[in-house]
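Since the structure is predicted, the reported quantities are computational estimates derived from the model, not experimental observations. Keep in mind that the numbers below use all heavy atoms, side chains included, and drop hydrogens, waters and symmetry copies. This chain uses plain numbering: 1 for the first residue, then up along the sequence.
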Amino acid sequence: MDEYIHQCSKMKVKCEKLVTENDNVAKGIVELVSLHGVSKLIMGAAADKHYSRKMKMPKSKTALAVLQKADASCKIWFVCKENLIYTREAGAPVSHNAAALPASKSSISTLSEWGGQPNGYASKEVDGHIQRSMSENVVAASVRTSLRLPSRLSVRTTFSRQSIEDNSANSWDSVPRGSFPSSHQTSSTVTDEGFSDSSSFSTPSHDASEILPSVHEGRHLQNPASYCEQDAMNSNIDIFDKLEEAFTEDEKHQKQTFDESMRRQRAEEEPILFHRKANNFDDTSLNEAKQRKEVIEALAKANGVIELMKQEMDALKQDRDDIIDKLVKMSEQKATLEQRVDEYGGIVKDLEDTLATSKSLIHSQQLEYDKLKHERDNALKDADELRKEKEKTVSYSSLTWNTEFSLLELQLATQNFSDTVKIGEGGFGRVYRGFLRNTTVAIKMLRSHNLQGQSQFRQEVVVLSRVRHPNLVTLMGSCSEASGLVYEFLPNGSLEDRLACENDTPPLTWQVRTRIIDGNWEASFRHWKGSGGCT
Ligand SMILES: Nc1ncnc2c1ncn2[C@@H]1O[C@H](COP(=O)(O)OP(=O)(O)OP(=O)(O)O)[C@@H](O)[C@H]1O
């Protein structure tokens, strides 16, 4: 309805919407016709779905009721699916009986009166479609159209002559204006349930062609005298066709203009929208760039931290590896040391055992030595006493104290005559310290085994083996096999050694030296011998 009004407004046709309310649609239409003096009414004959070509009369109850009860001054066109079904002429008696309705053909023939007015034109809209009216009165007057909607809505559209002239000037130009009495007025009201699905304002081109045959048909059936001229009718029909085409074109043009304006408006809005989107996109891009930059900076910092942590991790890992290597080496050294400790423990234990055995042996030998020394001292004392008794009478005795030692014994006693036990050397030969038959002895070995040496050896054996004197060193035995002499060992060496202070020994006192010089030879010798000396 609003679009219809909008179209009328664009065509500069006065149009207004009238609203009425009634429980009965037909009754409402009848009242509207009566109230507003509607002189022309177009309404549906039936719903479009009930349309058929054979349809000659309205079918809907509403249409039939309006047909019967609407004011007789109102001319009513009943249409269905854009086809004129029936026309009730104005001034026809109102019939309250359907059966009394005029035949369709006779009703339709009343349209011929349009042609009966040679200069009479009228335009009206049926659901937005231009219909034609031949009535001069109708054309001269303003056209007022009311649309009655099933939902109690009505639209009344008023077409002024001027508006029609403006919208269809070319068509109207051919019509003498003076032939349109302005005092006459007519209205057209469209009311139909059947119009509900034909709300489009387009103007199908076949409307006129479908309607006009009926007009022509009705014309032939009607009284011919009611028409002025057949040619004028045809001319009017052509004009109306042109007018209709012009309206159609204009409507199309309006629609195209409207569409174009809408497109232009959208086109004008699109850059703005695009600009806004671009601005939003720029803002978004800037924010994203800023966020991206922040993220990149954060990533760079994180990478730096990660790099530092990685370096620290590498350093820690290196330290850990070094510590592990050290631990491995230390564990190996520990194992080696433990092994050595075990070995040394065994050695120490063996050494301790050996030392203990040696100590025990030394102790026992020391005891044995002391015992033998004691026995020897006693023997020497006894011999001393005996010698004292016989010293004046006997210088030489047939008694000999000579013990024969073998070379093997001398070798064992001197570690095979090792230099480590050598204590001196004289004209006879080298002198060794030895341990022989549990006694420490001095062993003198003959250097040269020539005749002189052998003679000296025998002489010394003969002499010393028979002489025992406290001032003389005691010959304990000899070795004929190797020409060796075995003496008692004197720890302080000879008198010559003492006089020469050999081995850092303290020098002899002058008293001792004087007694030696005074001939107190014996006393000095004894005293010296008691101190361990020899001569
Ligand atoms: N019984 C002994 N006890 C300790 N040392 C001795 C003993 N006999 C000899 N010596 C040491 O041996 C050294 C050499 O003695 P040895 O009698 O062979 O030479 P000597 O006394 O110079 O006599 P000679 O050269 O005439 O043989 C002495 O200087 C002395 O130190």
Problem set entry | salt bridge (Lys or Arg N to Asp or Glu O under 4.0 Å) partners for R437, two or more places apart | E409

For this session: Could you tell me which residues satisfy side chain to side chain contact (heavy atoms under 4.5 Å, CB included) with F435, sequence neighbours excluded, listed by chain and number?
Result: N438, T440

For this session: Under the side-chain hydrogen bond (donor to acceptor under 3.5 Å, both in side chains) rule, collect the residues that match up with E288, sequence neighbours excluded.
Result: none

Exercise. By side chain to side chain contact (heavy atoms under 4.5 Å, CB included), which residues pair with K371, not counting sequence neighbours?
Worked result: E375

Problem set entry | Side-chain donor-acceptor contact under 3.5 Å, D370 with H374 | no

For this session: Quick one: which residue pairs count as a side-chain hydrogen bond (donor to acceptor under 3.5 Å, both in side chains) with a foot in residues 412-433, not counting sequence neighbours?
Result: S418-T420, K422-E425, E425-R447

Problem set entry | Listed once per pair and sorted, the side-chain hydrogen bond (donor to acceptor under 3.5 Å, both in side chains) pairs that draw on residues 290-318, sequence neighbours left out | Q318-D322

Exercise. What residues form a side-chain hydrogen bond (donor to acceptor under 3.5 Å, both in side chains) with H363, not counting sequence neighbours?
Worked result: none

Exercise. Hey, is CD on Q452 packed in by over 12 heavy atoms from elsewhere, all under 6.0 Å?
Worked result: no

Exercise. Can you name the side chain to side chain contact (heavy atoms under 4.5 Å, CB included) partners of E270, sequence neighbours left out?
Worked result: none

For this session: Any pair with a residue in residues 355-365 that passes salt bridge (charged side-chain N to carboxylate O under 4.0 Å, His left out), sequence neighbours left out, goes on the list, sorted by first then second residue, please.
Result: none

For this session: Could you tell me the separation between the CG atom of D259 and the CZ atom of R266, rounded to the nearest 0.5 Å?
Result: 8.0 Å

Problem set entry | Partner set under side chain to side chain contact (heavy atoms under 4.5 Å, CB included) for E352, not counting sequence neighbours | V348

Exercise. Does anything in residues 330-343 pair up under side-chain hydrogen bond (donor to acceptor under 3.5 Å, both in side chains), and if so which pairs, sequence neighbours excluded?
Worked result: none

Problem set entry | Residues which pass side-chain hydrogen bond (donor to acceptor under 3.5 Å, both in side chains) with S9, listed by chain and number, not counting sequence neighbours | none

Problem set entry | Student check: side-chain heavy atoms of L464 and Y487 closer than 4.5 Å | yes

